[in-house]
Structures are given as structure tokens and as C-alpha cells.
Amino acid sequence: MYCAETRQLSHSFSSHADALKSVNLQVPGGSIYGFLGPNGAGKTTTLRLLLGLLKIKEGEVLLFNKPLRKQRLQSLAKIGSMIESPSIYSHLTATENLAIYRELYQCSGQRIGEVLSLVGLSETGKKKAGQFSLGMKQRLGLAIALLHQPALLVLDEPTNGLDPNGIIEIRDLLKKLNEEQGISIIISSHLLSEIEKLVTHVGIISKGKMVFQGTLNELTGKQQQSSKLILETDDPGRSLEICRQLELNVISGNGKITLPVPSREKIAALNRELVNSNISVFEMSVIKKDLETIFMELINQ
Amino acid sequence: MNHYFIHTVKAEWIKKRRSFADWLVLAGGFFVPLLLIIILICFPKQLLSIHASGHFWEQVFDKAWQMMAFMLLPMGIVLAVSLVVQIEFRNNSWKQVHTSPVPFASIYFSKLLVLLVMLLQLFLLFNIGIFLAGVIPSLLNSHTSFPAYTVNHVFFLERNLHYFITSLPMVALQYMLSLKFKNFLVPIGAGLALTTGALIALSWKYIYMIPSSYTALYYLQSNNPVPPAHNLLLWSLGYFVFFSLLGYWLYVSGKEKG
């Protein structure tokens, strides 16, 4: 079951090219979904459409398997969100900010203390939110999103502007919320490295189109698929013949031989054959692409 | 709707705490009475003539409203309403409000209700100020004492109610403009242009159609023994309903909600 889903979602802003083209986002319940893409790829537009902040022109948005158009209030009651910068009333204290949303979400007053303690803002007292550091504002934004114990959290680049410690703190908190309370999370970012330690699922968007969607393991699988074996010997011609005899698929054979990474047994067999044929092996190494390179290739397709 | 409405009104009430608009209501309520106190202390002849008139409280009330009705009240409404709506734009909080499980109608009308309650607050403070403007100069003047004259309650309540009603169109119009334009200068500029324009056109025969002139027109009408040709109260209520509904339609039909 998907807790959030878009079907053929397209959008354009007046006088601009299509911001989104038939996006099919599928966020499984209980997952931490990393929504990745470079700046301007359409992440925020997708999330704003998902939350009803933009009027849907084409396609459909389903939240908890129900169309947003028909069940807007019921769906929003189960969602906590922080889109772009946190929405905080700077002339009010953290408690007063939360008191506003406590009224709107109609939850108990006790929750204010609980979420303040959860995000580490219990000691802010009468300090106005406008005097908070960026990190504190982000945490207060997160507290607002968590106030009503949502089933789904939608966070648009929540670690923007945070120092490394702050990023780790937020990451640990989100992991804890997902594991202990079963909250599904959609977290957008333009940096894979920032969220790869957190997410279970990944969606990559580029120029308004989804270019990859699946589990993190599937993305890692792509890494395996795109790995190469490099072979350098003193006799490339005979080495090529041996590769073909062993039914290995050679990609290029100019000087160095490049081939998709075969099984461990085949690598051993290849090495044995080369040595038995008196061919000197200078290099036999596996070149792995890191996830960041795969991500860059996907968004530049 | 009712179920949500009480909660959104409470939320809106918290939002305006310690805001500029809140301070403006406080300062606006006492500004004219303070001026009147200074005038009556500096020009004791005026105070003596009010005491001698036989309608002490009516005259003090009238003097205060003379300063308030023409410029300060409409300008105060323009500023306070724009400041209240600007709280959401300045704090980038529309998106959070609009992703809360609350109907748009609740959000729109609760903000409008809070604005009307703030207007009531202003009237209350203004009347307290008027009382002080009658008492303080009288006590400080050696020829007068505490003005223990009979108070015509009906006169005060009726006049206050009428000024309140004639203020309503500007509240609704300014609310509509402030919601529509993110840039603070647009609604403020439009509101101030309407207010000063109405003052310039005060003798125009169709001035009764310009809602920003209504508090000034009501002041003139209430001091004129000739019955007015147009019922300003009905025009005010009509404009208030029209601008409130038009504002709601523009708000709900907006393509972007933050």
C-alpha cells in the first residue's frame, strides 16, 4: 500500500516550460523515501502538489489511497510537513508557535512539551523564534510537523543550512521516528550523500521527469551492474581470445581490456588461463562506480 | 465548519499577540484622546466653552471623532489590516496554514473575525481615551472640576455603533487587497490612495459610493440637521458583504496556496 502516490502528474507554471511531466511517485507505507534531484528538477513542485498547495492541472494525487481532491482535510490531518524553509511566526515563542498548530490540528496541549523535548527546544522559554539560529528554526519546523503525530512526514530539504552535527541529529531523529513510531517519511534533497544513510526507497527526478524509482538496494544494484573489470597484459590480442573462449563479453579492447564484472569463479579461471598461457598480467582490477556517479548519470541522461 | 471555526479563531488570536498590528490598535486608540488632552490643557478657553455648553460629553466625543473620522481611522484600518495579513507573508507561513486540516472558509473568516474584534478593541480604547480627555484637563484646570455631567448612553452607543458600521467596508476591502498582494506596499498604497482620494472628493455628489469616505461622511451627516439623502449604514453593510464575499472567492480560487 502506498501512503502517497501521484499518477501521471504534470504541471506547468504560466510562461514557463513544463515543470513536471507525467510523474508517477509511489511512496510505500512505512518507508523513508528519498526524493532526489538537482535544484529546479521539480521536487518542491511535486511536494506542493502532493499537499494541495498548488492546484492540480493534470494527473492525480492519492494520499492513503484516497484522492486528495475528495479527502483533502482527512488526508492532511494525517500528514506533517515542512516545505522549503520552516514556517515560523518570528514574533512568538516556540511554545506559542506550537499552540497555533495545536488549535489547527486539535491535539492535546501535552504534545507541545513532548515535541519540544523531542527536537531539543525545551529550554527556549520566552525567547522569540525570530532570534533562533537556523538550526533551531529547522527543529521548530520539525516540531510543528510532528505535533499531531502524523502517519506521513513530508520534508523538503530539511537539513538545508544545517552544520554537519545538525544534519546527523536530524537524520538520527527521523530514523528513530520511522523505526519506533512507524511514521512514513518523504524527504527531498539534491544531495544523495546526505540521505543515502537514511532512506529505504529512492525516487530521482530530473527536468520534471522521474528517471529512477525503487528501493535503495535496487539503486545499489545499478552500481553493481555498472561496475567494470579492467585487464592489462603484455599480449592484448591473445588475452582477448582467452576472454572469448571463456565466453566473457568484452566491451573494449584497445590496450586495456574492459569487460563487465564476471563471477568470482570466472575471474579466477581467466587469471589461471592467462598465467598458463605465459601472459604477463600487469593489472586486473574491478572499477566500481559510486552511487553519486550513478545519480549524476541518471540526472544527466 | 463551526467545529473548525472556533479553533482557527483561537489560532488567529495567538498569531496577532505582540504583533505590530496589536501595538497599532493600542496606540491608535489613545492617540487622538492624547492630542485632545494636550489641546484642552493648552487652550483652556475651549475647555471652558465645552463645560458651559450643557452637552459636555457629547462635545468632547464630537471633537475626538472629528480628528478620528476623517483620516486617522481609515488610515489605521489600512495599516492594521495589512499588518495582520502580512504576518503570514512575512513569516512564509501560508503554506503551513494551508496544509493544516482546516477548511479555507474557516481560515478566511476567522482572520476577518479577528480583524473585527481588533476594531472593537480600538473603539473601546478610544472611548476610554475620550473619557480621560474629558476628565484630565478638567481636573488640571483651576476653573473646572470633575465633569460629573449626566451621560447620554444611547447617544454614545448609537454613535459608536454607526461609526463601527461605516468602518466595515474599509476593513473588508483592505483585507481583500492584503490577501491578494504579497508585496506589503501594494495594499498599503491602494488603501492610502483611497483614503486621501475620498477626502479630496468629499464634496463630490457621488461620494456616497466611495467606501473609504464613510466615517468622514457619517461625521458630517451626524452634525448636519438636514436628513441625509443616502443611508450610509445600508451602503456600508452592502459594501462589507460584497467585499467580504469577493475577497473569499479570490482567496479560494487562487492557484497557489503558499
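Lettering of chains follows the sequences in order, A, B, ..., and the numbering in each one begins at 1.
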Count the heavy-atom pairs under 4.5 Å between each of A:Gly130, A:Pro86, A:Ser75, A:Ser87 and chain B, then report the option with the highest count.
-> A:Ser87

Look at atom CZ of B:Phe89 and say whether more than 12 heavy atoms of other residues, nucleotides or ligands are closer to it than 6.0 Å.
-> yes

Which atoms of A:Ile88 approach chain B - backbone, side chain, both or neither, heavy atom under 4.5 Å = backbone

Most heavy-atom pairs under 4.5 angstrom with chain A, which of B:Lys255, B:Arg18, B:Lys10?
-> B:Arg18

Going through the distances and angles, do A:Leu92 and B:Arg17 end up as a side-chain contact (heavy atoms from CB on, under 4.5 Å)?
-> CA-CA 8 Å; A:Leu92 301 175; B:Arg17 257 185 222 172; 3.9 Å; yes

Taking atom CZ of B:Phe30 as the centre, report whether more than 12 heavy atoms of other residues, nucleotides or ligands fall under 6.0 Å from it.
-> yes

Could you tell me whether A:Glu103 and B:Lys15 make a salt bridge, using a distance below 4.0 angstrom between a side-chain N and a carboxylate O?
-> no

Whether over 12 other heavy atoms sit under 6.0 Å from A:Lys66 NZ = no

Of all heavy-atom pairs linking B:Asn92 and A:Ser85, the shortest is ND2-OG, 2.9 Å

B:Glu88 vs A:Tyr89, side-chain hydrogen bond (donor to acceptor under 3.5 Å, both in side chains): CA-CA, chis, key distance, verdict = CA-CA 8 Å; B:Glu88 305 289 4; A:Tyr89 298 101; 2.8 Å; yes

Which heavy-atom pair separates B:Ala11 from A:Ile100 by the least distance, and what is that distance?
-> CB-O, 3.7 Å

Against chain B, label A:Lys78 side chain, backbone, both or neither, depending on which of its atoms sit under 4.5 Å from a heavy atom there.
-> neither

Under a 4.0 Å N-O cut-off, is there an ion pair linking A:Arg48 with B:Glu256?
-> yes

Crowding at CD, A:Gln131 (>12 non-hydrogen neighbours, <6.0 Å) = yes

Could you go through the side-chain contact (heavy atoms from CB on, under 4.5 Å) check for B:Tyr4 and A:Gln106 one step at a time?
-> CA-CA 9 Å; B:Tyr4 294 106; A:Gln106 296 175 38; 3.8 Å; yes

Go through A:Leu76, A:Leu51, A:Ile79, A:Val154 and name the one with the most non-hydrogen pairs under 4.5 angstrom from chain B.
-> A:Leu76

In this structure, CG of A:Leu104 is separated from CD1 of B:Ile107 (nearest 0.5 Å) by 7.5 Å

Do you know which two heavy atoms are closest between B:Ser100 and A:Tyr105, and how far apart they sit?
-> CA-OH, 3.7 Å

Looking only at A:Gln74, A:Arg72, A:Lys57, A:Arg102, most heavy-atom pairs under 4.5 Å shared with chain B are made by A:Arg72

Crowded around B:Phe31 CZ? As in, over 12 foreign heavy atoms under 6.0 Å?
-> no

Indicate the atoms forming the closest heavy-atom contact of A:Leu73 with B:Pro101, along with that distance.
-> O-CB, 3.4 Å

Taking atom OH of A:Tyr2 as the centre, does the number of heavy atoms from other residues, nucleotides or ligands within less than 6.0 Å exceed 12?
-> no

Can you measure from CG (B:Asp22) to NE2 (A:His91) and round to the nearest 0.5 angstrom?
-> 8.5 Å

Mind ranking B:Lys257, B:His98, B:Lys95 by heavy-atom pairs under 4.5 Å with chain A and telling me who comes out on top?
-> B:Lys95

